[in-house]
Amino acid sequence: MLKINGTDSDSAGKTVEQYIAETNYNLSRIAVEINGEILPKSLYGSTVLHDGDTVEIVGFVGGG
Amino acid sequence: MILDEKQAKRYVRHFALKEIGVRGQKKLLSSKVLVIGAGGLGSPAILYLASAGVGTIGIVDFDSVDFSNLQRQIIHNTRNIGIPKTTSAQNAVKALNPDVTVRLYDFPVTPDNITDIISEYDFILDCTDRFETKFLVNDACVLAAKPFSHAGVIRFEGQAMTYVPKKGPCLRCLIGEIPHDAVTCKDAGVVGAAVGVLGSVQALEAIKFLLGTGELLCGKVFSFDGLTMQVRVHSIPHADPGCAVCGNTPKILSLSENRNDYQIHSCDTGGETV
Ligand SMILES: [Zn+2]
């Protein structure tokens with residue numbers, strides 16, 4: 001099990017890209033923080049989620 | 001530079017701060033900051049920079065003041081409806097602090113003009129209202145090695161980060177491609193006081209950068225939800241080696257070659273700063 005935005009998830013083994021593809025998140029409007037650090041965008045395809053990870057989805061908004 | 005009697009009174013609350021003092025005040029007075037967008041973010045940012053005595057403030061906006069702006073764009077007022085936002089903002093700055101030299105750019109930033117404009121300034125504030133322009137500012141600043149503050153806000157929430165060349169990530173390191181389908185404040189609504197938080201954060205980042213004091217939001221993302229009062233600072237200590245503009249083998253080498261990317265795709269092309 002890992003935690004995504006505070007909720008238990010059984011996404012261990014998936015890449016970040018695979019996990020996001022299964023959600024309603026728009027890839028280009030979020031950053032993904034894993035265990036306290038935001039993951040650079042180019043590493044989404046090669047970064048695998050592990051049991052015990054704490055994942056936060058950080059939304060970006062474009063107004064101003 | 002010698003501060004006159006009025007200046008000595010005006011900035012007295014800065015003198016008490018060990019991070020500013022008389023020396024820091026002189027630094028601010030000889031600094032140049034560019035604010036792109038005199039809307040929701042730009043209004044408080046420009047006012048705080050002017051009140052702090054930042055000596056030269058450039059203001060970019062191509063829009064005119066409309067009644068619908070006044071719910072949040074606090075630099076403008078009812079008397080200035082219909083006049084250019086640049087002129088309206090200049091009036092407010094002049095009334096607030098005659099020490100400040102204001103330079104106006106009464107047209108939008110484009111891939112062709114932005115590099116020349118930013119080259120005149122020490123620090124840039126991206127106070128624009130849509131991702132396409134935010135990425136234009138990001139890419140221009142990365143390519144010209146200029147530090148800048150990013151912010152975005154919608155409804156009650158927003159985020160801010162600061163780019164410092166060679167010191168941390170840029171906006172593309174964090175979000176990659178431009179979200180062309182993003183909702184704008186016009187569609188979604190926005191609360192003035194929430195935009196004010198982010199605009200103030202941007203002014204504070206500029207002041208700290210100019211003084212060389214404190215910790216910038218470089219390698220960090222400040223995210224703020226005014227509805228729940230959740231405030232977080234997320235860490236991203238390193239730039240993305242695979243970043244399209246600041247990475248090891250960048251795909252974006254010039255703004256003009258990448259100009260299609262900055263085209264505004266959303267349904268509304270009015271370009272009103274929120
Ligand atoms: Zn980058």
Side-chain angles (χ1 to χ4, degrees), chain A, chain B residues 37 39-42 126-135 150-155 157-159 161 169 171-190 195 198-199 219-221 223 225 232 234-244 247 266 273-274:
Chain A
M1 279 300 191
L2 55 137
K3 284 233 188 272
I4 300 182
N5 286 352
T7 308
D8 284 334
S9 162
D10 57 0
S11 303
K14 290 177 188 164
T15 65
V16 171
E17 193 168 87
Q18 284 166 342
Y19 167 72
I20 298 295
E22 291 168 9
T23 67
N24 290 324
Y25 288 114
N26 178 334
L27 198 61
S28 64
R29 251 185 276 158
I30 56 160
V32 177
E33 183 195 71
I34 303 179
N35 303 328
E37 272 191 20
I38 291 178
L39 186 67
K41 208 76 182 188
S42 72
L43 302 181
Y44 281 26
S46 57
T47 301
V48 178
L49 297 170
H50 294 103
D51 277 329
D53 280 349
T54 302
V55 178
E56 288 273 341
I57 310 292
V58 185
F60 277 75
V61 293
Chain B
L41 291 168
D126 166 22
C127 298
T128 66
D129 67 337
R130 54 190 70 236
F131 274 120
E132 287 85 350
T133 323
K134 291 183 187 301
F135 275 74
H150 154 86
V153 61
I154 216 160
R155 295 181 282 262
E157 66 198 85
Q159 78 283 330
M161 67 159 277
L171 198 53
R172 281 191 192 270
C173 295
L174 286 154
I175 48 180
E177 300 285 308
I178 302 178
H180 287 297
D181 58 340
V183 287
T184 65
C185 292
K186 206 169 179 179
D187 312 324
V190 62
V195 200
L198 275 305
K220 293 173 200 165
V221 180
S223 85
D225 183 342
R232 297 279 311 269
H234 303 276
S235 164
I236 171 162
H238 306 293
D240 183 351
C243 175
S266 44
T273 23
V274 177

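Ranked by non-hydrogen atom pairs under 4.5 Å with chain A, the options B:G247, B:P237, B:A244 are led by B:P237. In terms of non-hydrogen atom pairs under 4.5 Å with chain A, the most contact-rich of B:S235, B:G199, B:A239 is B:S235. The candidate from B:L198, B:I175, B:I178, B:L174 with the greatest count of non-hydrogen atom pairs under 4.5 Å with chain A is B:I175.
Only the backbone of B:R172 has a heavy atom closer than 4.5 Å to any heavy atom of chain A. Looking at A:E37, the atoms closer than 4.5 Å to chain B (heavy atoms on both sides) sit in the backbone and in the side chain alike.
Expressed to the nearest 0.5 Å, how far CZ of B:R232 lies from CD of A:E33 amounts to 5.0 Å. Put simply, CZ on A:F60 and NZ on B:K134 are 11.5 Å apart, with the number rounded to the nearest 0.5 Å.
The minimum heavy-atom distance between B:P179 and A:S28, with the atom names listed, is CG-O, 2.9 Å. In plain terms, the two heavy atoms of A:K41 and B:D240 that are nearest each other are N-OD2, 3.2 Å.
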